Amino acid sequence: MSEIPRGRCETHGGDAQLLRFAVELPHPPSEVWEAVATPEGLAGWLCAADPLEPRLDGRVTLRWLNGDTVVSGRVTAWDPGYVAEYTVDPTHGRIRFHLEPGASGDDGSTVLRFTNELRADRAYRLDCLAGWHDHFERLAAALDGHPSDWAAWSPERWRHLRDLYERDEARWPKWVP
């Protein structure tokens, strides 16, 4: 698919979904933290965050810059440098970024463990897996000094990723290029 490992999903009780990604990034935890827990960092790969009150129970509003999606909620976990969790409207649910030192064991890389708990049918689950995958590719690029140019955004990459997630979920046949 890409340098970003494939996301996984667990379904609980019908439409309760838990999406998971584990992404190793060749950047120090402090840089990754800035990207996932500050308005300036989030804008480079995910969305505008205004307000984002960096504390437990702080207010948060996320506005996607490639469309008209706006969600509001609360900061439901906040451990500076390690955990940022935003629980927003039911469409996007609970969004959690958990940072750990990378495989090298020093500050040279970071493992981002991401979860998104939400209610979704099959089609929306696949949409979200592809969407987060696309955004994590954008996160890697932003950390490398290439933030997203939202004015030039188009859905082709997302569509391709969605087709791959749908194909991978199919029972038969599976085809790997």
Side-chain angles (χ1 to χ4, degrees), residues 1-7 9 17 19-54 58-76 78 84-99 109-118 120-121 123-168 177:
M1 281 184 154
S2 73
E3 298 280 330
I4 302 300
R6 181 176 180 268
C9 180
Q17 310 293 332
L19 310 183
R20 295 180 183 274
F21 284 83
V23 181
E24 183 144 7
L25 299 160
H27 296 275
S30 60
E31 289 180 20
V32 179
W33 177 255
E34 290 297 313
V36 302
T38 68
E40 300 79 18
L42 287 164
W45 68 278
L46 180 62
C47 62
D50 184 27
L52 171 54
E53 297 174 348
R59 293 179 306 135
V60 62
T61 296
L62 306 175
R63 181 176 48 84
W64 269 253
L65 300 170
N66 62 343
D68 57 2
T69 301
V70 178
V71 295
S72 294
R74 295 300 224 197
V75 175
T76 48
W78 191 259
E85 179 181 277
Y86 315 119
T87 301
V88 294
D89 75 357
T91 305
H92 285 78
R94 186 179 341 196
I95 300 165
R96 182 181 183 94
F97 303 97
H98 181 137
L99 308 184
S109 67
T110 305
V111 174
L112 167 59
R113 297 195 186 282
F114 171 83
T115 56
N116 182 199
E117 296 177 51
L118 69 157
D121 61 14
Y124 188 61
R125 176 181 73 239
L126 293 171
D127 290 352
C128 290
L129 283 166
W132 284 115
H133 194 122
D134 180 57
H135 281 297
F136 290 132
E137 289 177 346
R138 292 173 180 281
L139 171 60
L143 288 166
D144 286 341
H146 307 288
S148 292
D149 176 2
W150 294 111
W153 181 85
S154 72
E156 281 80 25
R157 179 66 181 151
W158 174 85
R159 284 188 192 120
H160 176 71
L161 289 165
R162 187 174 186 304
D163 288 346
L164 292 174
Y165 276 103
E166 186 169 22
R167 183 197 69 207
D168 287 350

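Note that the structure is a prediction, hence the values are computed from the model and not measured. Note that these values count all heavy atoms, side chains included, but never hydrogens, waters or copies made by symmetry.
A donor-acceptor contact shorter than 3.5 Å links the side chain of W150 to the backbone of A43. No donor-acceptor pair under 3.5 Å is formed between the side chain of Y165 and the backbone N or O of R125. Side-chain atoms of E34 do not come within 3.5 Å of backbone N or O of G41 as any donor-acceptor pair. Looking at N116, its side chain does come within 3.5 Å of a backbone N or O of R94 through a donor-acceptor pair. Between the side chain of W158 and the backbone N or O of D127, at least one donor-acceptor pair lies under 3.5 Å. Judged purely by atom type and a 3.5 angstrom limit, W78 uses its side chain to pair as donor or acceptor with the backbone of P54.
Put simply, OG on S148 and NE2 on H135 are 8.0 Å apart, with the number rounded to the nearest 0.5 Å. Taking NE2 from H133 and CZ from R138, the interatomic distance works out to 12.0 Å, rounded to the nearest 0.5 Å. Summarising the geometry, atom CG belonging to L99 is positioned 6.0 Å from atom CG belonging to L112; distances are rounded to the nearest 0.5 Å. Remark: L139 CG to H27 NE2 distance equals 8.5 Å, nearest 0.5 Å. The line from CZ of R63 to CG of L46 is 12.0 Å long, rounded to the nearest 0.5 Å. Separating the CD atom in E85 from the CZ atom in R74 is a distance of 14.0 Å, to the nearest 0.5 Å.
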Next item on the list: List the steps and the verdict of side-chain contact (heavy atoms from CB on, under 4.5 Å) for T91 and Y124.
Entry: CA-CA 9 Å; T91 305; Y124 188 61; 3.2 Å; yes
Note to self: What verdict does the side-chain contact (heavy atoms from CB on, under 4.5 Å) test give for I95 and W132, after you've listed the backbone C-alpha separation in whole Å, the side-chain angles of each residue and the deciding distance to 0.1 Å?
What the structure shows: CA-CA 11 Å; I95 300 165; W132 284 115; 3.9 Å; yes
Notebook entry, point to check: Hey, mind stepping through L118 and H92 against side-chain contact (heavy atoms from CB on, under 4.5 Å) and telling me if it holds?
Noted result: CA-CA 6 Å; L118 69 157; H92 285 78; over 6 Å; no
Check: Hey, mind stepping through R159 and D163 against salt bridge (Lys or Arg N to Asp or Glu O under 4.0 Å) and telling me if it holds?
Finding: CA-CA 6 Å; R159 284 188 192 120; D163 288 346; over 6 Å; no
Next item on the list: Evaluate side-chain contact (heavy atoms from CB on, under 4.5 Å) for E117 paired with Q17, printing each intermediate quantity in order.
Entry: CA-CA 6 Å; E117 296 177 51; Q17 310 293 332; over 6 Å; no
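Across A37 and A84, no two heavy atoms sit closer than the pair CB-CB, 4.2 Å. Contact record, A49 with L62: CB-CD2, 3.9 Å, taken as the closest heavy-atom pair. What you find for L143 and A35 is that their closest heavy atoms are CD2-CB, 4.1 Å. Here the closest non-hydrogen pair linking C9 and L129 is CB-CD1, 4.3 Å. Here the closest heavy-atom approach between residue S109 and residue P29 is recorded as O-CD, 4.1 Å.
Just one of D134, V23, L161 meets the side-chain contact (heavy atoms from CB on, under 4.5 Å) condition when paired with I4; it is V23. In summary, of the residues considered (W33, F21, F114), a ring pair (Phe, Tyr, Trp, His ring centres under 6.0 Å) with F97 occurs for F114 alone. Between V60 and the options L42, T76, T87, L52, a side-chain contact (heavy atoms from CB on, under 4.5 Å) holds for only L52.
P51 is listed as a side-chain neighbour of T61, based on a closest heavy-atom distance under 4.5 Å.
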